[in-house]
Number of protein chains: 2
Amino acid sequence: MGTVTETMVAADAREETRARIEQAALDLFTAQGFEAVTIDEVADAAGISRRTFFRHCGTKADAVWGQFDGHVVRLEGMLAAAAADQPVLASVYAAYVEVNDYAPADLPMLRQRMRLILTEPALLAHSQVRYADVDRVVAAHVARRTGVAPDALVPRLVATSTRAAATTAFELWLADGRITLGTALHQAFDELAAGFPSLRLPG
Amino acid sequence: MGTVTETMVAADAREETRARIEQAALDLFTAQGFEAVTIDEVADAAGISRRTFFRHCGTKADAVWGQFDGHVVRLEGMLAAAAADQPVLASVYAAYVEVNDYAPADLPMLRQRMRLILTEPALLAHSQVRYADVDRVVAAHVARRTGVAPDALVPRLVATSTRAAATTAFELWLADGRITLGTALHQAFDELAAGFPSLRLPG
DNA sequence: CTTGCCGGTGGCACTGGGTGTCACCTACGG
DNA sequence: CCGTAGGTGACACCCAGTGCCACCGGCAAG
């Protein structure tokens with residue numbers, strides 16, 4: 001089915017196949033749960049063989065994460081291009097906002113992805129591996145700006161805690177439904193950068 | 001071999017077997033890498049069957065994590081017992097320090113465990129699942145203190161970023177060798193609580 | 001038109017983690 | 001002496017992931 005006859009370079013066809021696999025996987029995982037769906041079922045739904053699934057996605061989890069590598073690369077580019085006189089935390093915040101500035105049409109699929117990632121234990125576990133790449137990029141940026149080693153305390157801490165802020169913003173956005181992703185990121189980074197001012201209010 | 005003939009309640013014997021399995025696993029993983037060692041090899045080294053390994057440890061990763069559940073429970077207890085007039089961040093910091101106050105004799109094994117957890121991708125991934133429990137406990141504490149819902153922004157953010165600070169401290173302690181775990185935790189929490197003051201210095 | 005290369009594909013066998021089931025054995029109370 | 005309960009080992013099974021090979025399509029060179 002779906003013999004894509006349009007003029008299409010190999011890379012495009014490959015991308016299209018991968019997108020079809022990912023969509024089939026997302027739908028099945030959302031409907032039945034990540035663990036309950038086998039690769040054979042995803043492959044069947046996508047109209048390909050089990051072996052081809054692995055060639056395109058590499059891992060069951062990768063079918064959900066999709067092109068996350070691209071996000072990391074873009075994040076790296078934004079940090080490298082940040083104005084030199086901008087405060088470090090502000091540049092990290094701006095990069096996170098920009099890399100997560102999705103078109104409205106992409107939001108439903110993003111919700112689907114993130115709900116799975118934050119809900120399914122196996123995917124949550126896999127996230128740590130992906131986030132490690134993000135942390136390396138951010139830590140390198142902070143290290144460059146502050147003139148210390150990338151594996152020193154402050155670069156590492158800034159990287160992990162800003163990423164914590166970003167994922168917390170995602171959780172909030174996912175759970176609430178009314179709040180914007182940008183708003184959630186703004187609130188989270190404000191709290192973090194100011195040392196949690198709301199904890200100092202009379203509680 | 002090793003017929004443990006001493007008077008020993010069932011629970012104690014079970015604990016002793018589990019400790020033997022964990023030690024064998026840690027040694028093999030350290031020597032050859034986590035992925036390169038099969039469960040059969042661990043089971044052989046521990047003098048038990050493959051099936052028994054799973055009955056005691058549940059998962060390959062659990063053999064490395066050991067009794068982490070106990071840490072979470074103790075952390076929860078410390079947070080519940082924290083003085084009511086203590087600032088929230090201070091109580092979280094104190095709980096993290098206390099729960100990680102290991103006896104000097106336990107430090108080598110802790111190093112072995114943490115090096116594996118922070119180095120091996122599969123174990124790093126698994127850590128996210130364990131940390132989720134920690135985050136729930138800390139977020140509940142913050143929520144109780146501030147009078148907001150546990151899934152609101154500030155409790156979640158405090159939980160994830162303090163945990164980020166703790167793991168960063170662990171990384172520092174592991175990499176340096178001279179710095180104390182307590183010192184690393186102190187530095188990380190200081191930076192976090194003050195909103196990263198060292199970033200405001202002329203860089 | 002034929003030949004040879006090449007990328008995507010499917011099939012197959014294999015490894016390895018994890019689970020369910022059953023039989024056995026051993027310790028313990030009646 | 002018997003019955004039970006918990007730990008154990010052996011076996012069969014499922015599923016993710018990998019390596020290998022054979023096939024088929026297009027495409028360029030001869």
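Below, all heavy atoms of this structure are taken into account, side chains as well, without hydrogens, waters or symmetry copies. In what follows, chains are A, B, ... by sequence order, proteins preceding strands, each numbered from 1.
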Q: May I have the distance from B:Phe54 (atom CZ) to D:dC15 (atom P), rounded to whole angstrom?
A: 17 Å

Q) Rounded to whole angstrom units, what separation is found between the CD atom of A:Glu35 and the P atom of C:dT19? A) 10 Å

Q: For A:Arg51 and C:dA13, give me the distance from atom CZ to atom P, rounded to whole Å.
A: 15 Å

Q.
Between P on C:dG16 and CD on B:Glu41, what's the gap in Å once rounded to a whole number?
A. 8 Å

Q: Starting from P on D:dA16, measure out to CG on A:Asp62 and report it in whole angstrom.
A: 14 Å

Q. If we only count heavy atoms from C-beta on, is the B:Thr30 to B:Arg115 side-chain gap below 4.5 Å?
A. no

**Q.** Side-chain heavy-atom pair A:Glu41, A:Asp44 within 4.5 angstrom cut-off
**A.** no

Q: Can you tell me the distance, in whole Å, between the CZ atom of B:Arg55 and the C1' atom of D:dA10?
A: 10 Å

Q) Which value, rounded to the nearest 0.5 Å, describes the distance between B:Phe29 atom CZ and B:Glu120 atom CD? A) 8.5 Å

Q) Does C:dT9 have OP1 or OP2 sitting under 4.0 Å from an N or O in the side chain of A:Ser49? A) no

Q) What nucleic acid atoms does B:Val37 come within less than 4.0 Å of, heavy atoms only: base, sugar-phosphate, or nothing? A) sugar-phosphate

(Q) So, does A:His56 get its side chain near the phosphate of C:dT9, meaning an N or O under 4.0 Å from OP1 or OP2? (A) yes

Q.
Without decimals, in angstroms, what is the distance between A:Ile48 CD1 and C:dT9 P?
A. 8 Å

Q: Could you tell me the separation between the CZ atom of A:Arg50 and the C1' atom of C:dG8, rounded to a whole number of Å?
A: 18 Å

Q. Does A:Leu110 reach the side chain of A:Trp173, with side-chain heavy atoms less than 4.5 Å apart?
A. yes

